[in-house]
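Just follow the structure's listing: the first ligand is 1, and inside any ligand the first atom is 1.
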Amino acid sequence: MRNNLLLPPVLSYDRSGIFFTCLKALAALFASLVLLSSCTSEQKHAYSVQKVDHSSKGMVVAAHPLASKTGIEILEQGGNAIDAAIATQLTLAVVHPRAGNLGGGGFLVYLDSAGHSFVLDFREEAPGRSHRNMYLDSTGNVIEGLSFKGPLAAGVPGSVAGMEAAHNRFGRLEWKTLFGPAIRYASEGYPILQREADRLNKHKPEFLEWNDPGIPFIKEDPWMPGDLLCQPALAETLRKLAKGGAQEFYHGSTGDAIITTISGLGGIMQKADLQSYQAQWRDPMTTDYKGYTLLAMPLPSSGGIVLAQILEMLEHFSLGEYEQGSVRSIHLMIEAERRAFADRAGYLGDPDVIDVPVEKLLDSTYLAEKMHAFTFDTVTPSASISETDTSSLIEHFETTHLSVIDKDGNAVSLTTTLNDNFGCKVFVKEAGFFLNNEMDDFSIKPGIANYYGLIGNEANAIAPGKRMLSSMTPTIVAKQGKPFLILGSHGGPTIITSNLQVILNVIEYDMSLEEAVLRKRFHHQWLPDEVRHEAHAFSPAVRDSLEKLGHVFKQIQSFGAVPAILVTADGTYLGVADDRADDHAEGM
Ligand code: DON
């Protein structure tokens with residue numbers, strides 16, 4: 001078994017004199033030895049991945065087995081769905097470091113057992129010293145990579161404020177209890193899976209570009225599955241947060257470590273940015289579709305609005321009558337997606353900073369009008385909806401979603417992200433975590449595509465304190481006010497269409513949840529004017545017919561995993577973890 005080695009502390013002289021310096025060094029040495037020994041002991045926390053589970057008492061589906069198990073551990077201690085979701089998210093920050101996070105942000109959708117719904121926005125914000133042209137050179141051209149890598153790419157993190165806001169309002173267990181499992185995995189280490197090893201190896205050059213080699217993610221030899229990953233600095237930060245909460249993160253030594261790291265690399269985030277950060281409770285975005293109610297995020301997530309627009313456009317057609325996977329059903333969905341994503345680019349942004357005509361965008365007459373030119377015989381070229389620059393999409397992106405339901409039927413759908421794998425690649429070494437690169441979700445120049453190929457304009461331009469538009473779409477589908485389906489995904493804009501297809505597979509096509517999740521997917525986002533799809537998303541004959549209608553295809557390796565929970569007719573819970581990743585379903 002390979003292990004990370006902790007370096008011994010360095011002795012130094014300071015103003016408190018040599019005696020105290022030596023004392024401090026000895027204490028540090030002792031602490032390191034304790035950590036070292038816990039990290040080099042026999043392998044602990046072995047686990048295997050489980051894709052499906054059933055339970056009537058509680059269910060957690062998340063991106064890593066240890067994270068799902070954490071949620072169940074918390075439910076078993078008497079925690080509710082909110083407690084379990086927070087603890088699961090904290091463990092993801094340890095065991096799924098490419099996306100789970102303290103240095104990112106996200107959204108939470110909550111439907112309680114009495115049928116009340118709540119949504120929490122803890123999306124990152126642009127720092128106070130940001131400005132709309134900060135990623136452009138003197139001639140107005142985009143400086144390659146500046147919004148995506150390094151200290152200028154990071155938005156002010158929201159995850160810790162979000163977790164605390166959710167806990168203050170709905171948590172049942174003590175805050176510090178929720179940190180137990182995460183601290184355990186960070187300090188004792190856990191064996192990594194093949195996918196994690198691959199990502200760590202792949203990103204090593206970027207880690208080295210922004211960090212010194214002493215961070216836990218860099219080691220001489222390539223990472224192998226089964227290697228133990230120990231994160232002592234992160235364990236220490238988690239201990240501090242367990243005691244000091246968001247105050248410690250935004251006003252305390254953790255915040256200091258973030259700012260010192262960023263400033264040292266020439267970034268612009270300041271302490272004042274951290275100190276003014278607040279998570280926001282917002283009004284849920286609700287959409288009725290054929291007897292179900294979808295609860296999703298409003299702006300600054302585009303997910304709820306885009307999903308609602310697509311469903312409203314589809315509702316005028318008898319989708320269920322066209323066979324699943326048929327030319328008619330796929331063509332119709334693509335055309336609705338194309339139109340909704342054009343509005344995303346044109347109108348959507350942070351509602352606290354700009355006026356967005358949300359009512360108009362969701363108006364049924366407006367949406368019927370948008371489908372006016374639709375015909376089953378041909379495509380509507382995206383250029384005829386509006387003209388903008390296009391650019392191809394890049395795959396391999398990371399975010400993480402978790403779905404939870406407790407024994408009382410309280411449900412949580414929670415998506416958080418660093419944006420790309422390991423965010424901007426800047427690691428706050430002293431505190432043990434990566435910072436996001438969410439600034440790239442702004443429209444850094446009108447009409448220029450971001451990493452996900454998304455076009456934006458004025459509505460999503462950078463401004464100090466503004467939240468960048470997101471596609472994260474944690475969703476709960478309710479039936480008669482009770483949770484029916486809890487889901488979400490990762491994958492940038494494909495999150496919205498992944499959710500859409502799983503929902504339609506279940507409620508229009510009566511598929512089992514396993515089948516609905518595993519079914520291959522496709523996606524259209526207006527620009528670029530192409531249908532992205534997984535292998536075998538269409539039969540050859542269907543693809544041929546769609547091509548004849550004018551659709552252009554681009555195959556990608558994989559869409560994002562959808563961790564989902566279905567409440568079955570007899571009231572029991574079915575958890576399904578997508579095969580596309582290491583997701584794990586664990587029942588109580
Ligand atoms: O908020 C957004 O829309 C993006 N930052 C999400 C990125 C993402 O899903 C990457 N994931 N796999």
At under 4.0 Å between heavy atoms, which part of Glu438 makes contact with ligand 1: side chain, backbone, both or neither?
side chain

Kindly say whether the aromatic ring centers of Tyr47 and His584 come within a distance under 6.0 Å.
no

Please indicate whether any nitrogen or oxygen in His490 is less than 3.5 Å from any nitrogen or oxygen in ligand 1.
yes

Determine whether the side chain, the backbone, both or neither of Thr399 has a heavy atom under 4.0 Å from any heavy atom of ligand 1.
both

For ligand 1, which is the ligand I care about here, please tell me if Ile495 has any N or O atom under 3.5 Å from one of the ligand's N or O atoms.
no

I need the atoms of ligand 1 closer than 4.0 Å to a non-hydrogen atom of Ser471, numbered in the order shown.
1 (O), 2 (C), 3 (O)

Between Thr91 and Pro181 (side chain of the first, backbone of the second, donor and acceptor by atom type, cut-off under 3.5 Å), is there such a pair?
no

Given side chains that start at C-beta, do those of Lys204 and Phe217 come closer than 4.5 Å, heavy atoms only?
no

Ligand 1 contact by Gly560, heavy-atom criterion under 4.0 angstrom
no

In terms of side-chain geometry, is the basic nitrogen of Asp420 or Lys202 positioned less than 4.0 Å from the acidic oxygen of its partner?
no

Hey, do the aromatic rings of Phe207 and Phe434 have their centres closer than 6.0 Å?
yes

Specify side chain, backbone, both or neither for Arg123, according to which of its non-hydrogen atoms lie closer than 4.0 Å to ligand 1.
side chain

Quick one: which ligand 1 atoms are inside 4.0 Å of a heavy atom on Met472?
1 (O), 3 (O)

Checking contacts here: is it the side chain or the backbone of Leu469 that comes within 4.0 Å of ligand 1, counting heavy atoms only? Could be both or neither.
neither

Option nearest atom 5 (N) of ligand 1 (shortest heavy-atom distance, choices Thr417, Asn421, Asp441, Asn436):
Asp441

Just so I know, are the side chains of Trp223 and Leu229 near enough to count as touching, which here means a heavy-atom distance under 4.5 Å?
yes

Check ligand 1 against Tyr452 and write out every atom of the ligand that is under 4.0 Å from a heavy-atom position of the residue.
7 (C), 8 (C), 10 (C)

Ignoring hydrogens and geometry, is there a side-chain-to-backbone donor-acceptor pair from Asn201 to Asp198 under 3.5 Å?
no

Taking atom types as modelled, find out whether Asp440 and Ser147 have a side-chain donor-acceptor pair closer than 3.5 angstrom.
yes

